[in-house]
Amino acid sequence: MVRRRPFAAFALALLVLVIVTCVAAPLVAPYPPDKTNLLSSLQGPSLSHLAGTDKLGRDTFSRLLYGGRLTLLYAAIVSGVALLTAVPLGLISGYRGGPVDRAIMSVNDIGLALPVLVVVLVVLSVFSEYLVIAMAALGLLLAPPMLRTVRGAALAVRRELFVDAAVVAGLSRPQIVFRHILPRVRGPVLVQSAIVAALAVQFTVGLSFLGFVANPPEASWGSIIAEGAQVLSKSSWMLLFGGGITAVVVLCLGIVGDALRDIAVGSWTRESTAASRRRRGRRRVAAEPPAPAPRPASSAALLAVRGLSIAFGEDEDLLVARDVNFTIEPGQAVGLVGESGCGKTSVARSIIRLLSGDGRVVAGQIEFDGRDVLGLSGADLASYRGGSVGYVAQMPMAALDPTVRVGPQIEEVLRAHESISRAEARERTIELLAKVRLPKPAEVARLYPHEISGGMAQRVSIARAVAAKPRLLIADEPTTALDVTLQAAILDLLRNLGRELGMAILLVSHDLGVVSELCDRAMVMYAGEIVEQGPVDDLLFAPAHPYTEALAACRPSSTTVRDRPLLVIPGQVPAPGDWPRHCHFADRCSHRTEQCVQRPVPIEPVGKGRESRCVYATEMLREGTREKARA
Amino acid sequence: MTRLIVRRLLLAIPLLIVVSMLTFVLTAVAPGNPAAAVLGPEASAKEVDALSHEMGLDEPLPNQYMTWAGHAVTGDLGESLVSSESVGEALSSRLPVTLSLVIGSTAISLLFGVALGMFSALRGGSVGLLTDVLAMLGWAIPSFWLGLMLIDLVAVNLHWLPATGYVKFGESPLDWARSLILPWVTLAALGITGIAKQTRDSMREVMGREFIASLRGGGVPEWRIVLLHGLRNAAIPIVTVTGVFAIAMLGGAVLVETVFAMPGLGALAVTSARAGDLTMLQGIVVVIAVLVVIINLLVDISYGWLNPKARLA
């Protein structure tokens with residue numbers, strides 16, 4: 001903890017120091033707390049009086065220590081009562097469930113709604129002689145939020161298997177609760193303890209400021225503040241020190257509590273995994289060869305992606321895509337295929353400048369109709385998005401704002417690109433909804449996203465993406481989240497829209513078959529690289545890369561070669577940062593030889609309009625032709 | 001939605017019953033006679049008996065409560081044990097002070113908290129760190145102490161604003177606002193920082209969601225995305241937290257009103273507690289509990305407005 005969280009360690013040390021010094025006040029305080037000296041009243045800090053003196057010339061530093069004793073003692077009582085109430089009841093509530101849980105929680109809800117300070121004042125006025133009772137009441141009133149947390153944690157632990165196992169093993173209920181569940185909820189309990197302790201200090205100081213805790217001449221932090229408030233026009237020192245020490249203690253408790261929470265959840269936080277991934281990535285990518293220089297694109301291309309590399313993370317080295325090159329001609333439908341985790345979504349999203357989180361392009365160029373896409377900003381970027389390129393996201397439901405009706409979400413896009421009236425936009429929206437073949441488009445426009453089905457949401461999403469008549473539509477797994485019966489309909493819709501609007505389509509999919517239904521050409525991506533590209537039929541029936549071959553064989557379809565068994569590719573895509581230096585697919589490849597693992601494999605033309613990143617590409621093609629000839 | 005509100009109101013009933021029984025139960029289990037406590041140590045046994053009878057303390061507890069509750073539902077909360085003032089009148093004259101304080105502080109907290117939180121969510125970096133530090137400080141600094149420091153600085157040293165006191169809105173709206181600025185800021189300090197933190201967290205979460213990317217992909221202007229889509233989707237936890245802080249501010253009013261010498265419910269609670277004026281405290285507790293119920297109800301209603309799905313409930 002000291003090395004990982006120096007700040008929290010310092011706070012903890014400071015806290016311990018304050019507590020120990022206050023408890024040991026009779027030993028360490030330079031003066032007795034009530035020793036008056038009217039000759040030196042209301043002095044500022046000096047060597048003989050570290051925190052100055054009060055109206056009666058008493059040493060404020062000594063009074064802070066003695067006052068701290070009293071304050072911390074009562075705060076400890078308050079926290080103790082809160083803990084002893086919240087932890088057992090929370091455990092029982094979470095573990096037992098049912099009516100016991102409901103009973104405890106409904107009382108707890110009432111407790112949560114009580115105005116703490118006012119109720120404590122009532123208790124104080126009834127039990128004016130017995131401060132401890134009021135403090136215990138304060139503890140009870142601070143228990144409900146903690147109880148709720150403990151219950152939640154116990155509930156989560158109970159649902160885990162090992163408690164069931166303990167029941168089977170014949171352990172008694174109290175044994176299970178205290179031996180198995182309590183240790184597991186220790187994290188949240190510690191965090192809540194820090195919070196409750198901080199609140200206890202604050203309330204105790206507040207009450208003693210109001211004059212309910214310390215009886216003069218006894219000191220407490222609150223009474224020192226109150227005395228300081230009375231002499232405000234003459235000296236601010238007592239006010240400053242009395243409140244300052246309180247704030248420091250509460251602050252330290254807060255910092256320690258935060259650190260405890262981070263430690264409790266630390267093992268699986270994104271932060272730590274991202275950091276470790278970055279570390280791994282750094283080691284790995286240092287060995288990657290530099291990306292080759294981008295090649296010139298054909299001038300007819302609508303979209304040209306050249307030497308594109310995309311990275312995530314703070315450093316530039318966690319690549320998710322490397323040296324990606326392809327072009328899309330106007331009106332052409334092109335597929336981008338690969339397993340999940342290959343980087344195809346990142347490539348697709350970079351085209352419309354929508355990389356999520358801290359993802360960004362680290363090398364390469366994207367040109368749309370001769371314009372540099374990566375350089376766009378402001379109004380140009382806004383008109384490019386939606387106006388030049390439309391985007392249909394993977395999960396149709398997640399792509400719609402749940403709090404806004406369907407129609408206005410499309411109207412918004414229309415009005416972003418054309419200066420039309422609200423009424424006109426509404427009319428056009430209904431036309432668009434009809435165009436994506438939604439029955440009763442006017443009614444659908446008035447529905448909220450949660451009131452429509454996934455298939456309808458996908459049509460709405462598509463309508464929105466084509467609203468401003470883009471020349472390229474990017475559809476990221478548009479059918480994956482949908483029912484099989486809907487898939488064909490959506491693909492059909494995309495095909496017709498493409499034809500009707502003269503719109504090029506980039507279809508991202510893990511399914512080579514889906515791509516083959518819509519596209520003429522496709523790129524196959526594996527572990528951040530394009531491993532093969534060419535006409536879809538060639539990829540399906542005469543693959544020039546073992547990965548394409550495996551993808552084609554994975555499809556249970558009448559279009560694949562029949563006498564081959566349905567394949568499952570063994571292993572999984574290596575994570576970004578774990579890519580090997582040599583052929584990325586080598587570890588899972590059935591054709592692998594020594595040659596594959598020696599050096600990086602470049603992508604090279606194989607035949608007309610085709611490229612492959614495999615040292616055996618030519619052999620594969622030759623063999624494929626031979627097999628076909630035999631059949 | 002209606003069902004949600006009705007359920008909330010039904011849940012409020014046990015709360016109000018528990019709260020209203022508080023003093024009765026406490027007096028019953030407390031040692032000593034509350035009448036004696038009011039009269040002080042010099043009172044004779046006869047005087048104590050007389051006051052006990054007047055307070056109904058010689059009746060059985062359920063009868064005492066039923067008598068009080070019967071009057072309470074008609075708006076009669078009894079008389080102060082100390083000053084014989086009508087509790088209802090005392091409360092209604094002080095309620096506007098506390099409401100001005102709490103509503104103003106809540107509004108300030110919401111405005112500045114959301115602004116700071118959004119700025120921090122969208123800019124991140126040093127602003128994010130600043131929000132964290134402010135949130136920690138806002139939580140750690142006792143509000144009444146902050147109030148005293150503000151008095152020291154702004155009123156005593158700079159003479160910009162009155163140190164203490166309260167001017168009724170009807171007398172002079174300007175002086176009313178001037179008398180409230182320091183208390184508002186004092187009480188809002190906690191709320192601003194807490195709301196800022198919540199706003200930042202939920203804005204960050206929402207701005208990372210797919211529909212935000214899809215809106216950007218459609219070329220929708222960024223200000224519309226942030227304000228109309230982002231903030232609206234982030235609003236529910238922000239409103240929840242605002243409700244929590246509004247309730248906390250009702251409690252904080254006890255200290256802040258005392259510090260600024262404002263004649264509100266909180267300051268009245270302190271003087272009543274010092275004097276052992278139980279009927280007055282009883283009334284204050286009930287009024288504050290009703291305010292808590294109203295705050296929770298407002299939060300629930302806003303859920304329905306913010307989230308179309310909640311309207312079905």
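Every chain is numbered from 1, with letters handed out A, B, ... down the list of sequences. Not measured: the values here are computed from a predicted model.
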Quiz item: Between the main-chain N or O of A:Leu210 and the side-chain N or O of B:Arg274, is there a donor-acceptor pair closer than 3.5 Å?
Solution: yes
Quiz item: When you measure from the side chain of A:Glu412 to the backbone N and O of B:Val220, does any donor-acceptor pair fall under 3.5 Å?
Solution: no
Self-check item: Engaged part of A:Ala465 at the chain B interface, taking heavy atoms whose separation is under 4.5 Å
Solution: neither
Quiz item: Which of these, A:Val118, A:Val119, A:Leu114, A:Ile110, sits in a side chain to side chain contact (heavy atoms under 4.5 Å, CB included) with B:Val19?
Solution: A:Leu114
Quiz item: When only pairs under 4.5 Å are counted, which of B:Val270, B:Leu281, B:Asn233 shares the most heavy-atom pairs with chain A?
Solution: B:Asn233
Quiz prompt | For the student: nearest non-hydrogen atoms of A:Leu239 and B:Trp145, plus distance | solution = O-NE1, 2.6 Å
Quiz prompt | Considering all heavy atoms, the nearest A:Leu121-B:Ala273 contact | solution = O-CB, 3.7 Å
Exercise. Heavy atoms only, distances under 4.5 angstrom: which of A:Ala226, A:Gly228, A:Gly244 has the most pairs with chain B? Name it, please.
Key: A:Gly244
Practice problem: Nearest 0.5 Å please: distance from the CG atom of A:Leu253 over to the CH2 atom of B:Trp139. | Solution: 6.5 Å
Quiz prompt | Portion of A:Ala468 that has a non-hydrogen atom of chain B nearer than 4.5 angstrom | solution = neither
Practice problem: Identify which of B:Ser214, B:Ser143, B:Gly217 forms the greatest number of heavy-atom pairs closer than 4.5 Å to chain A. | Solution: B:Gly217
Quiz item: Side chain, backbone, both or neither: which part of A:Val205 has a heavy atom under 4.5 Å from chain B?
Solution: both
Self-check item: Region of A:Val123 that comes under 4.5 Å of a non-hydrogen atom in chain B
Solution: both
Practice problem: Flag the one option from A:Ala467, A:Pro402, A:Ala416, A:Ala379 with the top tally of heavy-atom pairs under 4.5 Å to chain B. | Solution: A:Pro402
Quiz item: Of all heavy-atom pairs between A:Ala393 and B:Glu210, which one has the smallest distance, and what is that distance?
Solution: CB-OE2, 3.1 Å
Self-check item: Selection from B:Leu255, B:Leu137, B:Ile141, B:Leu146 maximising heavy-atom pairs under 4.5 Å formed with chain A
Solution: B:Leu255
Exercise. Could you tell me which non-hydrogen atom of A:Arg464 sits nearest to which non-hydrogen atom of B:Leu215, and how far apart they are?
Key: NH1-CD2, 4.0 Å
Exercise. Rounded to the nearest 0.5 Å, what's the gap from NE2 on B:His229 to CG on A:Asp401? Could you check?
Key: 5.5 Å
Exercise. Looking only at non-hydrogen atoms, find the nearest pair between A:His417 and B:Gly219 and report the distance.
Key: NE2-CA, 3.9 Å
Exercise. Let me know if A:Arg349 has heavy atoms under 4.5 Å from chain B in its side chain, its backbone, both or neither.
Key: side chain
Self-check item: Residue that, paired with A:Ser236, satisfies side chain to side chain contact (heavy atoms under 4.5 Å, CB included) out of B:Asp152, B:Leu153, B:Val156
Solution: B:Asp152
Quiz item: Considering only heavy atoms, which portion of A:Ile474 lies under 4.5 Å from any heavy atom of chain B: side chain, backbone, both, or neither?
Solution: neither
Quiz item: Between B:Asp277 and A:Ser125, is any pair of side-chain heavy atoms under 4.5 Å apart?
Solution: no
Quiz item: Where does A:Asp258 contact chain B at under 4.5 Å (heavy atoms): side chain, backbone, both or neither?
Solution: side chain
Self-check item: Among A:Ala229, A:Gly111, A:Gly206, A:Ser461, residue most engaged with chain B (heavy-atom pairs, under 4.5 Å)
Solution: A:Gly206
Practice problem: Heavy-atom distances under 4.5 Å only: say whether B:Leu250 touches chain A with side chain, backbone, both or neither. | Solution: neither
